[in-house]
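Accompanying notes for the structure given below.
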Amino acid sequence: MAIVRPLDPIALRADFPLLERDFGGRRLAYLDSAATALKPRVVIDAVNAYNSRYSANVHRGIYAIGEEATAAYEAARAAVAHFINAPDRREIVFVRNATEAINLVAYSWGRHNIASGDTILLTELEHHSNLVPWQILAQERDADLEFVPIDDLGRLLQASYEVLLRTRPRLVAFTHVSNGLGTINPVREMVEAAHAAGALVLVDGAQAAPHLPVDVQALGCDFYVFSGHKTLGPTGSGALWARRELLEAMPPFLAGGEMIREVHLRRTEFNDVPWKFEAGTPDIAAAIGLGAAVEYLEGVGMDAVRAHERDLVAYTLDLLPQEVPDIRIYGPQDPDERGGVVTFNLPEIHPHDVATLLDREAIAIRAGHHCTQPLHERLGEAATARASFNVYSDREDIDRLGAALARAQRLFNGPAVH
Amino acid sequence: MDDLYRDEILDHYRHPHNFGTLEAPDAVQEGSNPLCGDRITLMLGISDEGIVDEVAFTGRGCAISQASASMLTDEIKGKPLAAIVKLGSRDVLDTLGIPISPARLKCALLSLDTLRRALADRVAWEASTEEVPV
């Protein structure tokens, strides 16, 4: 096994201009990276360079900056392909985010492959973006949805999964890492089982691609999606990876310019993949920014990113119960099974009140259902608080979180002063 | 921290006024913020003269939503509908007396919104119940 050079969050912090901003004499303890990540200077510079030096459209201009724009856009595609070890850059479709990627698959692949009575197998962990598109498709096609249940620690029940595969689903779609609980799912094993049952597999990598090494060939899945803005890239960037033959067989999702080869009044010949799926002028700056972001992450090293976040999870799971003895922490308690997400509730304090009190100390966490309402129903909670990490997070952020949670607990528990 | 969650808010949250249900309410309305899971059920007893002579609520949620419901039920108890329809967002936020950030306005105004909907088929509301930041 290769030696992983540890990541130095204090040195890396200098790469993130937002962390230089003053919040009442403190830097921001940004613990909401699962919602969106801060942007390193190389990403901001890449976006600015496009906008200020060569902001031409792609695949059109027969002039210098048009060719520069096309080259940078396609280089970003190659960078994204390399980042997830896709065998061919033409298997990368640029989209706005993971949600759009899943919708693309649901509309394009789904409407041509899911028929009445077919089953789509999902899980109780899914983000709404990997649930609602399938609900709409199932309603439209009179197809069935089934769900792999979780245990009380938020891990998918693999025995139930095996049983549900006997329904011979056409598609299995599940998250690589849960945004609600941090659960890291055994993707490779689940893909093998799904393929053995004759299903294709879509993996939602929104919380995985930014945080651990992803190799789509090793995972063996058929579709892999992730959001650029959670991967240190700009908002409006994201990627769908699918095996070439699937993309070739899929009809276009959106139609218009760019996705065509020849257009006549009554018929059109579509462009090759992936451009067939990129109708209209894309978010060129965002795609170029995403390319810079994944190159930055590769420079840091995804093994190092994972080791760093695992360390932060272990530290948090250890520290918070010391600071607030009655805290309830949801999800896997073993840092090896958990991505950089720690979800919790304090007794008798609504997570929104927790988040508001923390905000007063320049600590940003998420409070709510994190776009996983069915998961929260399963947990029996309307809402939870969530701290989530990225390369720039460090133990000091978590120390501040722990101390602020203890103060919040004292404020709500303490006797009212008259 | 303390100025935001002043003692009165925490008192109302821990010991909400008018918390419970009515046996034979004239109006019942549920309200919720799906985003945060704040939830209240408001019950009103309304006399023939148009006086809200009984009021009760149950609910679960953040301190701001529950304290706001507690304070609002205090405010409307015994009042004629003609006065209640003059209650606007500004009044509710003034009563709370703490700075409410835009993200928390829905929490603060859940009770007013629920009250307005409870009375929707009886009266026309006069005051603005829009989410206007203070």
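Chain identifiers are assigned alphabetically (A, B, ...) following the order of the sequence lines, protein sequences preceding nucleic acid strands; residue numbering begins at 1 within each chain. Nothing here was measured: the structure is a model prediction, and the numbers come from that model.
- Scanning all heavy atoms of the two residues, the minimum distance from A/H350 to B/C62 falls at CB-CA, 3.2 Å.
- Other residues, nucleotides and ligands place no more than 12 heavy atoms under 6.0 Å from the CG atom of A/D152.
- Below 4.5 Å, heavy atoms of chain A meet heavy atoms from B/A63, B/I64, all part of residues 63-74 of chain B.
- The number of heavy atoms from other shown groups lying within 6.0 Å of CZ (A/R27) is above 12.
- The neighbour count for A/Q322 CD, taken as heavy atoms of other residues, nucleotides or ligands under 6.0 Å away, is above 12.
- Contacts of B/R60 with chain A are made by side-chain atoms alone, with heavy-atom separations under 4.5 Å and no backbone atom involved.
- Salt-bridge formation is detected for the pair B/R104/A/D353: a Lys NZ or Arg NE/NH1/NH2 atom is positioned less than 4.0 Å from an Asp or Glu carboxylate oxygen.
- Proximity to chain B among residues 372-387 of chain A is limited to A/Q373, A/E381, A/A382, A/A383, judged by heavy-atom separations below 4.5 angstrom.
- For A/E140, the CD atom counts as densely surrounded, since its 6.0 Å shell holds more than 12 non-hydrogen atoms of other residues, nucleotides or ligands.
- If you take OH on B/Y5 and CZ on A/R360, they are separated by 9.5 Å, rounding to the nearest 0.5 Å.
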